[in-house]
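See below for the structure under consideration.
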Amino acid sequence: MKERYEGIDGLKAYAILGIVLMHILSNGNFGLNGLVFQKLIPSFTNLVFLFMMVSDFGMCCGYYQKFKDQKIGVGEFYIKRYSKIWPYFALLCVLDFVMSPSKSALYEVFANLTLCQGLLPNMNISVIGVSWTLAVIFVFYLLFPFFCFLLENKKRAWLVFICAVIYNFMCSTYFFDESHIADRAAVNFSARTNILYCAVYFIAGGLIFLYRKELAEFASKYRVFAGAILLIATVAYFAVGGNTLTMLFFCVAALVYTLGCRGGVLVNPVAKFLGGICFEIYLCHMVIYRVLEKLRLVHLFENGLLAYIFTAVAVICGSVVFSVCAKWFLNKVETFLKERVRRVNHV
């Protein structure tokens, strides 16, 4: 039975809201100044690494023991991953292509529909541009059986984590420079689109899974202390800067704190609802933004702050409505197709 930690839905909900606010601010040219708009909200871009860590933790909760006990095959695992992600993502890709059709967009739609675009070197796909995170996470899904091998025991997991930290450092200081990546600036290269650079966050999520019982008990028993560690990690991130170590510290502190939550802002119906559709909101929110942009509603107000607030509320509400309706529609289509297949087989 898959383990459930209710606070994780809340953590994902707040993370996705932060990412949406960041994307709207960076794309809207609202001309806003101040600490909140020049430092705080732009920093939410790194919350994608929190999603990576939570993804591995969640996958381990659902499949780690099944792989160890050989209760699930690789084929069944991949079918489950594709069936969960592909229909909704395919729908968004088609909508994006219809809004901005071109030959290059057609190529990119094809790459997206394979869900293997993360294997492309220097991936830079504009169709559902935010899906680069999905691309990296799906490469992780492809490698998940190997990750289970790497996390087979705590001693090996720690050794792999240390190697992942070193790999991340070497990517930043050696492998991802002009000597190893041709025309690095011209291709708009981003280190975070590479699975080896991001592996440290996935491995960290797996490590937390291996110690989940002890950490959940600690976070539940010493909530104030766990909260203080999270606060220190947050301050360190802004004081030192958003490097890998400070981001790891923050992500680990946030996930550990979440394991001990039984109520409050992280565990409530709204947080659970938003956390349950955070993947859908993440993928569609920029499509909703582009629709508002085409309707000239992004700068409906001359005041930049009012325009930003209006756009943020509209995008969040629009993304929620679209996500719920799209999931309902796709579920209806799936039910219809299954019924048709059942009738054909019956005949």
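Residues S323 and I281 share a closest heavy-atom pair of OG-N, 3.6 Å. Across W132 and T193, no two heavy atoms sit closer than the pair CE3-CG2, 3.9 Å. Of all heavy-atom pairs between E108 and V127, the closest is OE1-N, 3.1 Å. When all heavy atoms are compared, the tightest approach of Q117 to A111 is OE1-O, 3.6 Å.
To the nearest 0.5 Å, the span separating CD1 on I16 from CG on L47 amounts to 9.0 Å. To the nearest 0.5 Å, atom CG of residue D56 and atom CG of residue L255 are 10.0 Å apart. R81 contributes atom CZ, which lies 10.5 Å from atom CD1 of I137 (distance to the nearest 0.5 angstrom). Atom OH of Y14 is separated from atom CG of L274 by 8.5 Å, given to the nearest 0.5 angstrom. The distance from atom CG of L92 to atom CG of D96, rounded to the nearest 0.5 Å, is 8.5 Å. Taken from CG in L151 to CG in L207, the straight-line distance is 6.5 Å, to the nearest 0.5 Å.
Hydrophobic clustering, with ILVMFWY side chains joined whenever heavy atoms are under 4.5 angstrom apart, keeps Y141 apart from I79. Linking ILVMFWY residues whenever their side-chain heavy atoms come closer than 4.5 Å, directly or via other members, leaves W328 and V321 in distinct clusters.
A donor-acceptor contact shorter than 3.5 Å links the side chain of Y88 to the backbone of E280. Side-chain atoms of H299 come within 3.5 Å of backbone N or O of G28 as a donor-acceptor pair. Side-chain atoms of S100 do not come within 3.5 Å of backbone N or O of F97 as any donor-acceptor pair. In this structure, H23 contributes its side chain and V20 its backbone to no donor-acceptor pair below 3.5 Å. Judged purely by atom type and a 3.5 angstrom limit, W86 uses its side chain to pair as donor or acceptor with the backbone of L113. With hydrogens and angles disregarded, no donor-acceptor distance shorter than 3.5 Å links the side chain of N194 to the backbone of A191. Of the possible donor and acceptor atoms, none in the side chain of Y201 sits under 3.5 Å from a partner among the backbone N and O of M247. R342 places no side-chain N or O within 3.5 Å of a backbone atom of E339 that could act as its donor or acceptor partner. A donor-acceptor pair under 3.5 Å is absent between the side-chain atoms of S220 and the main chain of A216, judged by distance alone. Of the possible donor and acceptor atoms, none in the side chain of N168 sits under 3.5 Å from a partner among the backbone N and O of A164.
Taking 4.0 Å as the cut-off between side-chain N and carboxylate O, K338 and E334 count as a salt-bridged pair.
Of the options F89, Y78, Y82, a ring pair (Phe, Tyr, Trp, His ring centres under 6.0 Å) to F138 is made by Y82 and by none of the others. Screening F147, F51, F57 for a ring pair (Phe, Tyr, Trp, His ring centres under 6.0 Å) involving F140 leaves a single residue, F147. When the options F202, Y64, F77 are evaluated for a ring pair (Phe, Tyr, Trp, His ring centres under 6.0 Å) with F144, the one that passes is F77.
Counting non-hydrogen atoms of other residues, nucleotides and ligands closer than 6.0 Å to CD of Q70 gives a total of 12 or fewer. Dense packing is recorded around CD of Q38, with more than 12 heavy atoms of other residues, nucleotides or ligands lying under 6.0 Å away. For NZ of K80, the number of neighbouring non-hydrogen atoms (other residues, nucleotides, ligands) closer than 6.0 Å is 12 at most.
Between W158 and F161, the ring-plane angle classifies as perpendicular under the 30° and 60° cut-offs. The aromatic rings of Y167 and F175 sit tilted, their planes meeting at an angle between 30° and 60°.
In this structure the side chain of F44 never reaches within 4.5 angstrom of the side chain of L25, judged on heavy atoms.
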Go through the steps for F250 and F49 under the test side chain to side chain contact (heavy atoms under 4.5 Å, CB included), then give the verdict. CA-CA 10 Å; F250 170 79; F49 296 122; over 6 Å; no
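Side chains of S43 and Y237: a donor-acceptor N/O pair is absent below 3.5 angstrom, by distance only.
Cation-pi contact between K154 and Y211: present, with separation from the ring centre below 6.0 Å and deviation from the ring axis of at most 45°.
The stretch residues 308-318 participates, sequence neighbours left out, in no side chain to side chain donor-acceptor pair (under 3.5 Å) pair at all.
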